[in-house]
Amino acid sequence: MQKNQNIWNAEKYEKHADFVPRLAFPLIDLLGDIKGKKILDVGCGDGTLTLELVNRGADVIGIDSSPEMVKASKSKGIKAILGTATDLPFYEEFDAVFSNAVLHWVPEAEKALENIAKSLKDGGIFVAEFGGKGNIQSIIQAMEQVFEENPEFGKFKNIWYFPDANEYKSLLEKAGFKVEYIELIPRPTPIDHIQNWLEIFTNVYTSHLAKSQINLFRSRVRELLKSRLYTPEKGWVADYVRLRLKAVKNYRLVKSALNSYIDNMI
Ligand code: BEZ
């Protein structure tokens, strides 16, 4: 949630995207015992998961680039500030950084990881999950097709970042992390209706369009996706693929790699 700060509607998110925090409990478990731990929740959204971390005994700060989401978090009694993953105002403060369903909005992955590493104490852990390679492929294809069918919409440009595990592991290592676990997990995800999903998550692609064009975009995408993502038995199921990871900040690794490089040079 980096740019386009006003694309989020906290009320709609809480009502129609409640599956986002609900499906993230296994991710919280990856943090282990967090009682008394200082945790940063990057992209805290409406604060549902941040509150769960607080309830498990952690001292948590949430950060989000949407003023509306920060307000929604604060209304739950959570410490939350406005800011982005690529510019975190912290230095070696946290035992853990947690992030759910956010980093696919951050194409500047190296910068985000540098900032996350900087915010962690040495030995601190980074636990995250977000869209990985192949995520919502059919939804993106349908959106692309609708832009092609309507040249007046402009050129469709995918802004989401869905890396595979090897690519992201390399970036983590480059930022000074030791990767304990990283996995790409296909997770077909029931959503209440594709129309609500499009309303919540695709404003970044349609904010330049007139209302009638936005309506046309959403109804045509829905039409194209119906045979792929909808069945009367299961309703709408989106083709999600998660990239889930746990990594430990360890600058000694970086230092020793640097030392052996220097030794080889001499
Ligand atoms: C997700 O994978 O969580 C996601 C990706 C893009 C838009 C909305 C959700």
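Side-chain atoms are counted along with the backbone in the values below, which use heavy atoms only and exclude waters and symmetry mates. Atoms within a ligand are numbered from 1 in the order they appear, just like the ligands themselves.
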Between ligand 1 and the protein, give all atom pairs where both partners are nitrogen or oxygen and the distance is under 3.5 Å, as lines of names plus distance to 0.1 Å.
unit_1   : atom_1 : unit_2 : atom_2 : d
ligand 1 : 2 (O)  : Asn135 : ND2    : 2.7
ligand 1 : 2 (O)  : Arg242 : NH2    : 2.2
ligand 1 : 3 (O)  : Arg242 : NH1    : 3.4
ligand 1 : 3 (O)  : Arg242 : NH2    : 3.2

(message) Donor-acceptor pair, distance only, cut-off 3.5 Å: does the side chain of Thr206 make one with the backbone of Leu209?
(response) no

(message) Working to the nearest 0.5 angstrom, can you tell me the gap between Thr50 OG1 and Ile78 CD1?
(response) 4.5 Å

(message) Phe156: which residues meet the side chain to side chain contact (heavy atoms under 4.5 Å, CB included) condition with it, sequence neighbours left out?
(response) Ile140, Met143, Glu144, Phe147, Asn158, Tyr205

(request) Please check if the side chain of Lys249 supplies one atom and the backbone of Ala117 the other of a donor-acceptor pair under 3.5 Å. (result) yes

(request) Check whether the side chains of Gln141 and Gln137 place a donor and an acceptor atom closer than 3.5 Å, and report yes or no. (result) no

(message) In the structure I gave you, are the side-chain heavy atoms of Tyr230 and Val237 within less than 4.5 Å of one another anywhere?
(response) no

